[in-house]
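Structure record follows, encoded as structure tokens.
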Amino acid sequence: MNFNLSLLKENLDNMSLSISDEAVSRLDRFAGMLAEKNKLFNLTAITDPDGIAVKHFADSLSVMTVCDLQSAGKILDLGTGAGFPGVPLLAANPDLDVAFMDSTAKKLGFISSALEDLDLSASFINMRAEDAGRDKEYRESFDLAVSRAVAPLNVLCEYALPLVKVGGSFIAMKGANAEAELSEAQSAVKKLGASLAKTVDVPLTDGKRTLLVFEKVSPVSEIYPRAGGKIKKSPL
Ligand code: SAH
């Protein structure tokens, strides 16, 4: 086993989640591929069996506690990196319609070949989120966007919310700083046509995480997302 399965199960139990034996086997094979590829180029700093179980797998799967993914429609994993949270979610729910987005092509290349080995299908968008948000094909086209460890919430909202359909949701996966980030993002959330639906604490064995769930209530003004470095330089 390429990760600590009993630690994953303990964390899933704490969230009242369970996954199938097939899902465990897919996660194990994915952890093996991640370790292998990580020797060639840097995909993740977390490589120990406990870290993979908790920080990668349990944390990613925590998204299942706040929404019914089976009926979620088109899902976007924005800034997926080595595939988190999207790959564990897909490994546990093989029928999902997931698009993996990252500005780095080689990371998407890794996910694409790993998913092929696992017999899972998905789509891939090698773009910056703020460019995709101004592209007709992607703007307001996803039912659910999820994102972990990409940017502070006020910046992340301008990346993610233009991509979400009115009536859809955005889940920001945050750590200890969630409350502070949320208070700094109040104005961004409002300007981008969203509202906070719920805040859910996730009690992982290595510390608390927080899922911030937003609902997209109205269309985003054409002026967002802004171009160039403005989003980061002067967050809404
Ligand atoms: N979500 C993963 C990776 C986090 S690292 C995890 O939690 O492990 C952040 C990733 O987001 C990197 O792979 C980076 O290339 C990507 N990224 C950062 N800003 C982005 C943007 N504006 N659009 C698309 N991808 C972005």
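Keep in mind that what you see is a predicted model, and the values were worked out from it rather than measured. Both ligands and their constituent atoms are indexed starting at 1 by order of listing.
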Quiz prompt | Note: Lys165-Asp143 ion pair, threshold 4.0 Å (strictly below) | solution = yes
Quiz item: Below 4.0 angstrom, N of the basic side chain to O of the carboxylate: do Asp59 and Arg148 qualify?
Solution: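 Looking at Asp59 and Arg148, the cut-off is met.
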Can you produce the list of protein nitrogen or oxygen atoms under 3.5 Å from a nitrogen or oxygen of ligand 1, alongside each distance?
residue  : atom   : partner : partner atom : Å
ligand 1 : 1 (N)  : Gly79   : O            : 2.8
ligand 1 : 1 (N)  : Phe84   : O            : 2.7
ligand 1 : 1 (N)  : Arg148  : O            : 2.8
ligand 1 : 7 (O)  : Arg148  : O            : 3.3
ligand 1 : 7 (O)  : Arg148  : NE           : 2.6
ligand 1 : 7 (O)  : Arg148  : NH2          : 3.2
ligand 1 : 8 (O)  : Arg148  : NH2          : 3.1
ligand 1 : 13 (O) : Asp102  : OD1          : 3.2
ligand 1 : 13 (O) : Asp102  : OD2          : 2.7
ligand 1 : 13 (O) : Lys107  : NZ           : 3.0
ligand 1 : 15 (O) : Asp102  : OD1          : 2.6
ligand 1 : 15 (O) : Ser103  : OG           : 3.4
ligand 1 : 15 (O) : Thr104  : OG1          : 3.3
ligand 1 : 22 (N) : Arg128  : NH2          : 3.1
ligand 1 : 22 (N) : Glu130  : OE1          : 2.8
ligand 1 : 23 (N) : Ala129  : N            : 2.8
ligand 1 : 25 (N) : Ser103  : N            : 3.3

Going by atom types only, do [X] and [Y] share a side-chain donor-acceptor pair under 3.5 Å?
| X | Y | value |
| --- | --- | --- |
| Asn93 | Gln70 | yes |
| Asn11 | Thr205 | yes |
| Asp201 | Thr199 | no |

Exercise. Return yes when atom CG of Asp21 has more than 12 non-hydrogen atoms of other residues, nucleotides or ligands closer than 6.0 Å, and no otherwise.
Key: no
